[in-house]
Amino acid sequence: MTTNKYVLGWIDEMAAMTQPDKIVWIDGTEEQAEALRAEACSTGEITKLNEELLPNCYLHRTAVNDVARVEDRTFICTSKKEDAGNINNWMAPAECYAKLTKLYTGAMKGRTMYVIPYSMGIVGSPFAKYGIELTDSIYVVLNMLIMTRVGTNVLEALGESGDFIKGLHAKADINQENRYICHFPEDNTIWSVNSGYGGNVLLGKKCFALRIASYLGRKENWMAEHMLILGVEYPDGETKYICAAFPSACGKTNLAMLIPPEFYKKQGYKVWCVGDDIAWLRVGADGRLWAVNPENGFFGVAPGTNEGSNPNALYTTKRDTIFTNVVHNLDNNTVWWEGLDKNPPANAIDWKGNKWDYTKYNKADKSTCGAHPNSRFTASAINCPCLSKEFNNPAGVPVSAIVFGGRRAKTAPLVYQSTSWQNGAFVGSIMASETTAAAAGAVGVVRRDPMAMRPFVGYDMGDYWAHWLKMGTLIPNPPKIFHVNWFRTDDNGNFIWPGFGDNMRVLMWILARCEGKVEANITPIGYVPNAEDICVEGLKDVTLDTIKELLSVDVESWLADIDNIRAFYAQVGDRVPQAMYDELAALEARLNAAK
Ligand code: OXD
Ligand code: MN
């Protein structure tokens with residue numbers, strides 16, 4: 001399929017190590033994909049679901065010990081430890097290559113090695129980056145066909161160049177003691193072994209499009225971020241774009257596919273999804289920041305996805321979807337998960353492959369769930385009813401606002417605006433989420449997750465913040481930066497803000513600020529809306545007073561957070577830019593003055 005000597009030489013080397021029985025090149029054709037699906041069905045790797053109800057949909061179960069990303073087994077292997085930083089796990093490249101070579105040697109004996117040429121971004125576009133993943137898993141091939149742009153045209157676009165990301169994945173024996181997800185940013189290489197779970201093995205996603213790409217972005221003056229991209233279309237047809245970063249499991253996919261409340265819908269507002277997880281951002285010739293979603297599909301969390309929370313996502317999964325670790329409804333050969341509806345199937349198999357008795361289901365005990373809490377759907381972007389018409393635009397979309405979000409019971413107000421790009425980068429650096437009563441362990445434990453990138457920066461976190469600050473100097477007309485918190489609770493622990501589609505009310509304020517169309521109050525943390533400027537029309541149980549409460553800035557709880565931030569900065573280490581410390585000191589001084 002190619003004469004590229006870098007590609008061929010590398011594949012020879014990997015094949016000599018892993019020793020597959022045969023090598024199959026993935027060409028991106030439907031015929032080949034169909035033959036692979038049939039083969040995977042015949043071995044039980046996937047199960048075909050009801051063709052009438054869920055056309056071209058399949059079910060897969062991972063090993064019980066292999067259901068999520070493994071941060072403690074994820075390594076950044078730079079030649080100098082300091083370059084990986086304190087927040088990442090580090091291994092010396094030579095040591096890591098040697099260790100993993102032992103695990104890979106002969107690992108594909110009796111198996112087929114699939115060669116997947118793929119592009120993150122539209123093939124041939126200035127944003128696009130190419131990768132080749134070698135894997136012994138048909139499940140990985142089928143997922144990559146949905147999540148990325150795969151095929152011979154990638155090899156054509158690559159030509160004779162050696163500029164591609166070399167990804168090697170072997171299932172080996174799925175032994176968690178020997179599971180490693182290793183990144184060699186200096187070598188454009190990713191090695192993953194002993195896992196079959198998406199985030200660890202679909203190497204285009206977190207491994208390439210965030211960890212390796214963040215490293216490349218720093219070298220090449222662009223940014224790879226853990227952000228959704230959405231467009232708000234106004235009744236006059238103009239569309240404004242927002243990128244938003246939230247820690248995993250804070251509702252990014254729901255926000256990206258938001259359905260406007262009736263009040264806005266009636267006036268002709270629409271919301272379009274460009275991406276739900278990753279944004280690559282570049283400075284455009286017009287001096288604005290432009291975003292593309294480098295992915296081609298959604299790898300979304302199934303539980304909780306339903307007609308109310310995210311009808312667009314649900315619709316997207318009705319065809320051409322791979323479901324992983326959900327409940328198999330044997331009566332009609334479909335799937336189910338907790339939070340889909342109130343009718344759990346009586347005749348069903350759970351995510352572990354055992355007969356599932358829904359009457360024993362107890363919300364508080366995760367072990368009784370039929371679907372794994374991190375069960376997933378892999379669905380094609382083109383099947384999403386609210387997909388933006390700019391999704392395939394090689395130039396991307398211009399970004400008006402960047403939004404950071406966390407899960408805070410008390411500290412952060414519903415929304416506030418930073419006072420500058422530098423202050424906004426600081427707001428991103430102190431992002432955090434608190435554990436809730438629903439999760440095991442202490443309530444209110446704060447996990448700092450800067451820019452929602454804690455597990456995804458491919459180099460030192462302090463350097464990453466410095467890169468953010470530098471980018472601010474390279475964007476003549478930068479987006480405004482905001483912070484939102486949908487998760488504020490009352491004294492009984494109930495969420496005050498309705499969330500979901502009503503989050504649009506907050507986005508509208510954000511966009512009005514970007515246009516300079518609304519005033520705001522300056523507070524010690526930044527600009528906070530006048531309560532009257534958050535539209536509550538058509539909202540039940542939310543009054544102006546509720547909004548006032550949601551917007552209040554609790555100086556004491558902010559001051560209490562300062563020590564935690566300082567401790568986190570100390571953990572990040574000596575590459576934290578001085579500007580971040582200056583911002584922190586200034587925040588503390590403003591809070592003290594407001595006491
Ligand atoms: C994801 C994650 O799967 O952030 O997107 O964990
Ligand atoms: Mn994510």
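Please read these numbers as outputs of a predicted model, since none were measured by experiment. All ligand and atom numbering here is 1-based and tracks the order in the structure. Quick note: residue numbers are just sequence positions, from 1.
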Step through it carefully: locate the ring centre of Y569, locate the ring centre of W465, and say whether they are under 6.0 Å apart.
-> yes

Does a salt bridge link K206 with D277, judged by any charged N lying under 4.0 Å from a carboxylate O?
-> yes

H226 contact mode with ligand 1 (heavy-atom cut-off under 4.0 Å) = side chain

Do NZ/NE/NH1/NH2 and the carboxylate oxygens of R448 and D561 come within less than 4.0 Å?
-> yes

Which atoms of ligand 1 have any heavy atom of D277 under 4.0 Å away?
-> 5 (O)

R376 N/O to ligand 1 N/O under 3.5 Å | yes

Decide if atom NZ of K410 counts as having more than 12 heavy atoms of other residues, nucleotides or ligands within a radius under 6.0 Å.
-> yes

Give yes if a backbone or side-chain nitrogen or oxygen of S248 is under 3.5 Å from a nitrogen or oxygen of ligand 1, and no if not.
-> yes

Do any N/O/S atoms of K206 come under 2.8 Å of the Mn ion (ligand 2)?
-> yes

For atom 5 (O) of ligand 1, the protein heavy atom that lies nearest, with its residue and separation = K206 NZ, 3.0 Å

At the Mn ion (ligand 2), NE2 of H226 and OD1 of D277 open up to roughly (10° bins) 90°

Is a side-chain donor-acceptor pair under 3.5 Å present for N194 with N175?
-> no

Ranked by distance from atom 6 (O) of ligand 1, the top protein heavy atom is R69 NH2, 2.8 Å

Establish, yes or no, whether a centroid distance under 6.0 Å links the rings of F377 and F298.
-> no

